Protein chains: 4
Amino acid sequence: MESSTTHSDNTRHRGNRHGRSEEARQAVLEAADDLLAERGFAGVTMEGIAARAGVAKQTIYRWWPSKVDVLLEAFTEDMAEHLTPEDLGDLGADLRVHLARLADFLTESDPGAVFRALTGQAQHDPQLAARLRDDHLSHQRTRDALPLRRAIARGDLPADLDVDTALDHLVGPIHYRVLVTGAPVPREFTDDLVAAFLDRHRAGPR
Amino acid sequence: MESSTTHSDNTRHRGNRHGRSEEARQAVLEAADDLLAERGFAGVTMEGIAARAGVAKQTIYRWWPSKVDVLLEAFTEDMAEHLTPEDLGDLGADLRVHLARLADFLTESDPGAVFRALTGQAQHDPQLAARLRDDHLSHQRTRDALPLRRAIARGDLPADLDVDTALDHLVGPIHYRVLVTGAPVPREFTDDLVAAFLDRHRAGPR
Amino acid sequence: MESSTTHSDNTRHRGNRHGRSEEARQAVLEAADDLLAERGFAGVTMEGIAARAGVAKQTIYRWWPSKVDVLLEAFTEDMAEHLTPEDLGDLGADLRVHLARLADFLTESDPGAVFRALTGQAQHDPQLAARLRDDHLSHQRTRDALPLRRAIARGDLPADLDVDTALDHLVGPIHYRVLVTGAPVPREFTDDLVAAFLDRHRAGPR
Amino acid sequence: MESSTTHSDNTRHRGNRHGRSEEARQAVLEAADDLLAERGFAGVTMEGIAARAGVAKQTIYRWWPSKVDVLLEAFTEDMAEHLTPEDLGDLGADLRVHLARLADFLTESDPGAVFRALTGQAQHDPQLAARLRDDHLSHQRTRDALPLRRAIARGDLPADLDVDTALDHLVGPIHYRVLVTGAPVPREFTDDLVAAFLDRHRAGPR
DNA sequence: ATCTAATCGAGACGGTACGTCAGGTCTTCGC
DNA sequence: GCGAAGACCTGACGTACCGTCTCGATTAGAT
């Protein structure tokens, strides 16, 4: 029954004692995303978002302290579903699939572009850096760690594995290519990362 | 060789037919560096540099297209000597020392801060990204590769080693911590990177 | 007659099915007056009145089209009693007392300050000008004219006297000083106006 | 030949160490005048002036503290030549002509409209009031007084005449009609003011 | 010894975006 | 149905920098 666009509309309102306009919120987030995609980070301005979203500047300032906050929310919204590793029951397969997806996310997707922009901006803004870490990165790292934790549970990895360091070794080179060298991140590269990791850590007679 | 450094000279001049004012150049570079250190990237403005350097805006625009070019030059200047790995004759030792220095450079030094700021800005500006790669990163990677190349020459590493990928595995996680997670990069972390690399690649009997 | 002044009641209500809140009305008028006195005309804003009166903006807009309407009502209320000339039975005495009071009203009193502000605003707003004339000025001029009409009735002034023009000559210079030159309007000045008028018009050989 | 668009032009410049752009100054003053005439005082905004004059807002703020300053300068410029009474050698004639012109200026002319707007604004802004008096009104009153001073010199008026008060009696009623009642100011009205003045003051047995 | 050309500090210029403030409209809910 | 609350769009405010420009002074090489 929700928002059924039939005749009278009705969810449409402007100004309301109880709660903000969801309509305006969505319009702002979309406008920010679109502007980033079309014109780059410098092209994302409060003025521009407002104009494109058909929203008053004041409405943006009421709910978001700055344009990076808008992008941050847009980003968080966008990537809820992304990048949760599957459970194939095999450590190597899990990691290979997940790292390949991560590489694809960072280099190809729209939310990946937002991530790069925000990470770039975070180099100039420690507060944003902290927020990125707290609101997003920590969750992502928890998801990234899932295959490792499952393997530990299965006995495929030693119980005392330093998971944090292991993750840095696995995803660090990917981020480095994306953020620093700009080199592509092909499947061979991610597979090789997994191979290196398995060589070193997998409990193994062989 | 023109306008050559004939003995004394002496550089102090305002207006000059041939050649620019070295005095003004230095003042600009220092002002930009200082502003970055004191007020962050957003605090570096052409107007601010000009005021602080006691120089006309036009003088800056005459020699540098944008503020990132000023920072880039300041940066290049500053880090000529840094980060050239020593030759201790031993691959493990060479790498451990070099990665530790790299980590220290990125996290502690002033030019490291400039690097982080420029890399951040490069996420919004593909042209800057390309310039960073061409003017700086390629040289740095050549330096980073020296220990590996020497080890190959000595026969301590296989001749067909993929040096680029190896470098990514070694320095990627360090950059990832610096640019993304903000985690510290202690000596144990860099030593462990080296250990993982040696485990995998060192020609080894056992 | 509903909700009428029956014994206690007592007027205090927030939200009410029958009729508006006298409490809110008074609070608005006072807030507007106070703001004008304290911060000048520019300091009188709908937002400010609402905040100070503890009233919603909408409540103001429901009853007054604009802030000048609020001031106008406050003004009308304040000056009902003021400036009705006494009847001393003597034209000269009546005029001298009345003009002195008028001068004092315009230069010293709070409602006089409101009058100056509204007249100032009326220069930018023809609708306000018309309303000021219709709602206030015409009544005031009728009162101003009383001494003259009584003198005509007594035969102390010619029956064909152009009362409008005479009034302009009497009160015009006072308003001019108040609104334009900012010069003080002492008793000698107003008495001299009366003297000039009597010289010219009073029937009389002697 | 002026402004002839021929090739180089040359008086045209934008930005200059020595002195401001006369071109911009004129454009601003004209734009302000035009806006006042077309849309009233409320229609005169810094933004609007800038847009209409094809000038940056900052350029206006650089030279004028507020929009009333712009209008004040436009006004001063416009009325340099206006309202200097002629010398016909006869007090009555001089005054009649001058007051008629004054009335016409105030009610009909563009600079008269600016004067009314500024005087209106001065009711809300004591600083503007002071500036209006110092920069403009004092000079105008000196001009207004000329016929009286000439008549005194000729012996047509007593040497001890209180010129200030006399001026207030003469021009006060005109301003009162213009600013307060909004009544027209026909020739009969101004002539009558002169007649009243002459009746009272002109040396004369007869 | 003059002339010429390049550079310098200075700063005004047309602009874009900033973040804030008030205006006037609309919607909800309690009384 | 009134009143408090407050979100909303609109539009102007005054400021900070942008990148371009024009000036007068300074200086070194060319004539």
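Just so we're on the same page: letters track the sequence lines, and every chain starts at 1. None of these values were measured; they are calculated from a predicted model.
A salt bridge is defined here as a Lys NZ or Arg NE, NH1 or NH2 lying under 4.0 Å from an Asp or Glu carboxylate O, and Glu38(A) with Arg52(A) meets this definition. Ion pairing between Glu47(C) and Lys67(C) fails under the 4.0 Å rule for side-chain N and carboxylate O.
Within the 4.0 Å cut-off from OP1 or OP2 of dG23(E), not a single side-chain nitrogen or oxygen of Trp64(C) is found. At the phosphate of dT7(E), neither OP1 nor OP2 sits under 4.0 Å from any side-chain N or O atom of Arg62(B). Residue Arg20(A) places none of its side-chain N or O atoms closer than 4.0 Å to OP1 or OP2 of dC8(F). The side chain of Ser21(B) contributes no N or O atom lying less than 4.0 Å from OP1 or OP2 of dT7(E). For the pair Trp63(A) and dC8(F), the criterion of a side-chain N or O lying under 4.0 Å from OP1 or OP2 is met.
Few gaps surround CZ on Arg62(B); more than 12 heavy atoms of other groups in view lie less than 6.0 Å from it.
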Treating primed atoms plus P, OP1 and OP2 as sugar-phosphate and everything else as base, which nucleotides of nucleotides 11-18 of chain F get B, S or - for protein heavy atoms under 4.0 Å? -BBBB-BB
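When distances are taken from the side chain of Ala56(C) to each of dG9(E), dC9(F), dA4(F), the shortest belongs to dA4(F). With dG14(E), dC8(E), dA12(E) as the candidates, the nucleotide lying closest to the side chain of Val55(D) is dG14(E).
Rounded to the nearest 0.5 angstrom, Glu73(A) CD and Thr76(A) OG1 are separated by 7.5 Å.
For Arg131(D), the side chain to side chain contact (heavy atoms under 4.5 Å, CB included) partners at least two apart in sequence or on another chain are Asp69(D), Leu72(D), Asp135(D).
When each of Ala53(A) and Ala24(C) is assigned the nucleotide of DNA chain F bearing its nearest heavy atom, the one mapping closer to the 5' terminus is Ala24(C).
Checked against Ile49(D) for a side-chain contact (heavy atoms from CB on, under 4.5 Å), the options Leu71(D), Leu35(D), Val55(D) give a single hit: Leu35(D).
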